[in-house]
Asks: 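Take a look at this one; I'll ask things after.
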Amino acid sequence: MKVIALYSMKGGVGKTASAVNLAYLCARSGSRTLLWDLDPQGAASFHLRIKPELAGGARGLLERKPGKLVKQSDFDNLDLLPADFANRKLDLVFDARQGRKRQVQRLLGPLSDDYDFIFIDAPPGLTLVVENILRAADLVLSPLIPSTLSLRTLDQLSAFVRRPKLRDLTLWVFFSMVDIRRRLHREVMTQSFEQRRDVLRTFIPYASDIERMGVERAPVECFAGRSAGARAYRALWSEVDARLQSDG
Ligand SMILES: Nc1ncnc2c1ncn2[C@@H]1O[C@H](COP(=O)(O)OP(=O)(O)OP(=O)(O)O)[C@@H](O)[C@H]1O
Ligand SMILES: [Mg+2]
């Protein structure tokens with residue numbers, strides 16, 4: 001089982017859109033896939049038309065077996081562990097327990113035989129829940145909007161994940177919401193492609209079809225499979241999958 005977290009310190013950069021599309025494409029390729037919506041806003045659950053609600057709220061998550069809270073999505077091989085608005089209190093719930101930074105890892109344990117891939121849609125920020133996610137993940141995929149400050153954000157995140165306790169964690173970044181007509185976007189991307197191996201070559205364009213996922217409540221592939229947005233996500237999943245196989 002591989003745990004892939006979609007995470008950025010910043011909000012509104014495309015974490016949820018990417019988590020939903022990549023988890024869908026992963027499931028469609030035949031892998032048993034779970035998407036865990038760990039953002040109390042519940043946007044990933046909304047996109048998969050599943051009520052963002054857990055029996056027993058945040059405590060229920062810790063006290064019941066997570067497998068019992070999993071819901072089937074409309075798609076083969078794709079399950080969802082829904083969000084719950086009560087998950088906004090997860091920081092406090094985790095903080096009160098022994099092994100406060102290992103709670104997500106502990107919850108994932110019993111799911112490892114049931115899934116080939118578990119995607120986590122992480123909330124923004126650097127909270128205790130996020131630290132839990134970073135400890136539990138094998139791979140963090142981080143969307144980055146090209147801007148003058150984005151390379152600085154990337155340096156901060158790389159420094160954070162290089163801390164000794166997270167040494168097994170791999171971080172790959174991809175550009176998101178790219179407007180290829182803008183010179184600045186092109187320059188920032190070219191510079192980082194030249195300088196860094198951890199930046200994926202596939203980028204996700206700013207595309208109204210991706211934005212429409214919130215209206216259609218489905219992965220972009222399902223309602224606009226020929227669009228630039230759908231094509232970009234297919235290419236992104238191919239690149240991630242190929243790199244995972246070659247990096248082991
Ligand atoms: N490539 C894109 N092109 C156009 N719109 C996009 C794209 N990716 C995401 N969006 C839209 O931008 C908004 C933010 O995207 P999303 O929810 O995926 O970001 P996020 O990083 O998960 O945000 P948050 O930090 O609030 O969880 C949403 O309305 C989404 O539909
Ligand atoms: Mg989100």
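Every number for a ligand or one of its atoms is a count from 1 in the order of the listing.
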Asks: For atom 29 (O) of ligand 1, what's the nearest protein heavy-atom neighbour? Residue, atom name and distance, please.
Replies: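 Ranked first by proximity to atom 29 (O) of ligand 1 is Glu211 CG, 4.7 Å.
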Asks: Does at least one non-hydrogen atom of Met177 fall below 4.0 angstrom from an atom of ligand 1?
Replies: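 Yes.
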Asks: May I have the step-by-step check of side chain to side chain contact (heavy atoms under 4.5 Å, CB included) for Trp36 and Leu111, ending in yes or no?
Replies: CA-CA 11 Å; Trp36 186 358; Leu111 299 169; 5.8 Å; no
Asks: Check whether any protein heavy atom sits under 4.0 Å from atom 9 (C) of ligand 1.
Replies: yes
Asks: Look up atom NZ in Lys51 and atom NZ in Lys71, then write down how far apart they are to the nearest 0.5 Å.
Replies: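 Answer rounded to 0.5 Å: 10.0 Å.
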Asks: Can you name the atoms of ligand 1, numbered from 1 with element, that are less than 4.0 Å from a heavy atom of Pro205?
Replies: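 Selected atoms, number and element: 1 (N), 2 (C), 3 (N).
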Asks: Find all atoms of ligand 1 within a distance of less than 4.0 Å from any non-hydrogen atom belonging to Gly12, and give their numbers and elements.
Replies: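 So the atoms of ligand 1 that pass are 19 (O), 20 (P), 21 (O), 23 (O), 24 (P), 25 (O), 26 (O).
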Asks: Any side-chain donor paired with an acceptor under 3.5 Å for Asn77 and Thr33?
Replies: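 Side chains of Asn77 and Thr33: no pair found under 3.5 Å.
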Asks: Measuring from the heavy atoms of Arg212, does anything fall under 4.0 Å of ligand 1?
Replies: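 It does not, in that no heavy atom of Arg212 comes within the 4.0 Å cut-off of ligand 1.
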Asks: Tell me: protein heavy atom nearest atom 18 (O) of ligand 1, and distance?
Replies: Ala17 N, 2.9 Å
Asks: Mark the output for Ser176 as yes if a heavy-atom distance to ligand 1 is under 4.0 Å, and as no if none is.
Replies: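 Contact absent.
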Asks: Is the count of non-hydrogen atoms from other residues, nucleotides or ligands lying under 6.0 Å from Asp76 atom CG greater than 12?
Replies: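 It does not: Asp76 CG has 12 such atoms or fewer within range.
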Asks: Check contact between Ser208 and ligand 1, using heavy atoms of the residue and a distance below 4.0 angstrom.
Replies: no
Asks: Which heavy atom of the protein is the closest neighbour of atom 7 (C) of ligand 1, given with residue, atom name and distance?
Replies: Ile210 CG2, 3.5 Å
Asks: Tell me whether Arg163 forms a cation-pi arrangement with Phe160, defined as NZ or CZ under 6.0 Å from the six-membered ring centre and within 45 degrees of its axis.
Replies: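 Yes; both conditions hold, so Arg163 lies above the ring face of Phe160.
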Asks: Going by the order shown, which atoms of ligand 1 are within less than 4.0 Å of some heavy atom of Thr16?
Replies: 17 (O), 18 (O), 20 (P), 22 (O), 27 (O)
Asks: Who's the nearest protein heavy-atom neighbour of atom 19 (O) of ligand 1, and how far?
Replies: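 For this ligand atom, the closest protein heavy atom is Gly14 N, 3.0 Å.
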Asks: Taking side chain to side chain contact (heavy atoms under 4.5 Å, CB included) as the criterion, tell me which of Leu141, Leu171, Leu134, Val161 meets it with Tyr7.
Replies: Leu134
Asks: Is there a side-chain contact between Arg243 and Leu200 in this structure, where contact means two heavy atoms from C-beta onward sitting under 4.5 Å apart?
Replies: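 Heavy-atom side-chain distance check passes, below 4.5 Å.
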Asks: Under 4.0 Å, heavy-atom basis, I'd like to know which part of Met213 is in contact with ligand 1: side chain, backbone, both or neither.
Replies: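 Met213 to ligand 1: no contact under 4.0 Å from either part.
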Asks: Under 4.0 Å from ligand 1, counting heavy atoms only, is it the side chain of Ile204, its backbone, both or neither?
Replies: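 Under 4.0 Å from ligand 1, Ile204 contributes side-chain atoms alone.
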Asks: Take Arg152 and Asp155 through the salt bridge (Lys or Arg N to Asp or Glu O under 4.0 Å) test and state the conclusion after the steps.
Replies: CA-CA 5 Å; Arg152 192 168 162 269; Asp155 286 337; over 6 Å; no
Asks: Looking at every non-hydrogen atom in both residues, tell me the closest pair between Lys10 and Lys15 and how far apart they are.
Replies: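 In terms of heavy atoms, the two residues are closest at O-NZ, 2.9 Å.
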Asks: Between Arg234 and Glu221, what is the shortest heavy-atom contact and its length?
Replies: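 Smallest heavy-atom distance, with atoms named: NH1-OE1, 2.9 Å.
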Asks: Tell me which protein heavy atom sits closest to atom 20 (P) of ligand 1, plus the residue, atom name and distance to 0.1 Å.
Replies: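 Among all protein heavy atoms, the one nearest atom 20 (P) of ligand 1 is Lys15 N, 3.5 Å.
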Asks: I'd like to know whether Leu62 forms a side chain to side chain contact (heavy atoms under 4.5 Å, CB included) with Phe94, so could you lay out the CA-CA distance, the side-chain angles of the two residues, the decisive distance to 0.1 Å, and finally the verdict.
Replies: CA-CA 9 Å; Leu62 276 89; Phe94 283 179; 3.8 Å; yes
Asks: Below 4.5 Å, heavy atoms only, C-beta onward: do Leu139 and Val240 meet side chain to side chain?
Replies: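 When only atoms from C-beta onward are counted, Val240 and Leu139 do touch, with a gap below 4.5 Å.
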Asks: Picking from Val70, Ile120, Asp121, what satisfies side chain to side chain contact (heavy atoms under 4.5 Å, CB included) with Leu81?
Replies: Val70
Asks: What residue and heavy atom of the protein are closest to atom 26 (O) of ligand 1, and at what distance?
Replies: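 So the nearest neighbour among protein heavy atoms is Gln41 NE2, 3.4 Å.
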Asks: For atom 3 (N) of ligand 1, is the nearest protein heavy atom closer than 4.0 Å?
Replies: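 Answer yes: something from the protein, a heavy atom, is under 4.0 Å.
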Asks: In terms of atom number and element, which parts of ligand 1 are under 4.0 angstrom from non-hydrogen atoms of Val13?
Replies: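 So the answer, numbered in order with elements, is 19 (O), 20 (P), 21 (O).
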Asks: Less than 3.5 Å apart, any donor N or O on the side chain of Tyr233 or Ser18 sitting next to an acceptor on the other?
Replies: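 A donor-acceptor contact under 3.5 Å links the two side chains.
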Asks: Taking 4.0 angstrom as the limit and counting only heavy atoms of Gly11, give me the atoms of ligand 1 inside it, by number and element.
Replies: 25 (O)
Asks: I need the contact type for Asp39 against ligand 1. Using non-hydrogen atoms and a strict under-4.0 Å cut-off, is it side chain, backbone, both or neither?
Replies: side chain
Asks: If I apply the N/O under 3.5 Å rule, does Ser18 come out as touching ligand 1?
Replies: no
Asks: Within the stated cut-off of 2.8 Å, is an N/O/S atom of Thr16 closer than that to the Mg ion (ligand 2)?
Replies: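 For Thr16, the answer is yes, given that an N, O or S atom comes within less than 2.8 Å of the Mg ion (ligand 2).
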Asks: So is Ala207 touching ligand 1 or not, going by heavy atoms under 4.0 Å?
Replies: yes
Asks: Could you establish whether Pro124 and ligand 1 come within less than 4.0 Å of each other, counting only heavy atoms on the residue side?
Replies: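 Under 4.0 Å: yes for Pro124.
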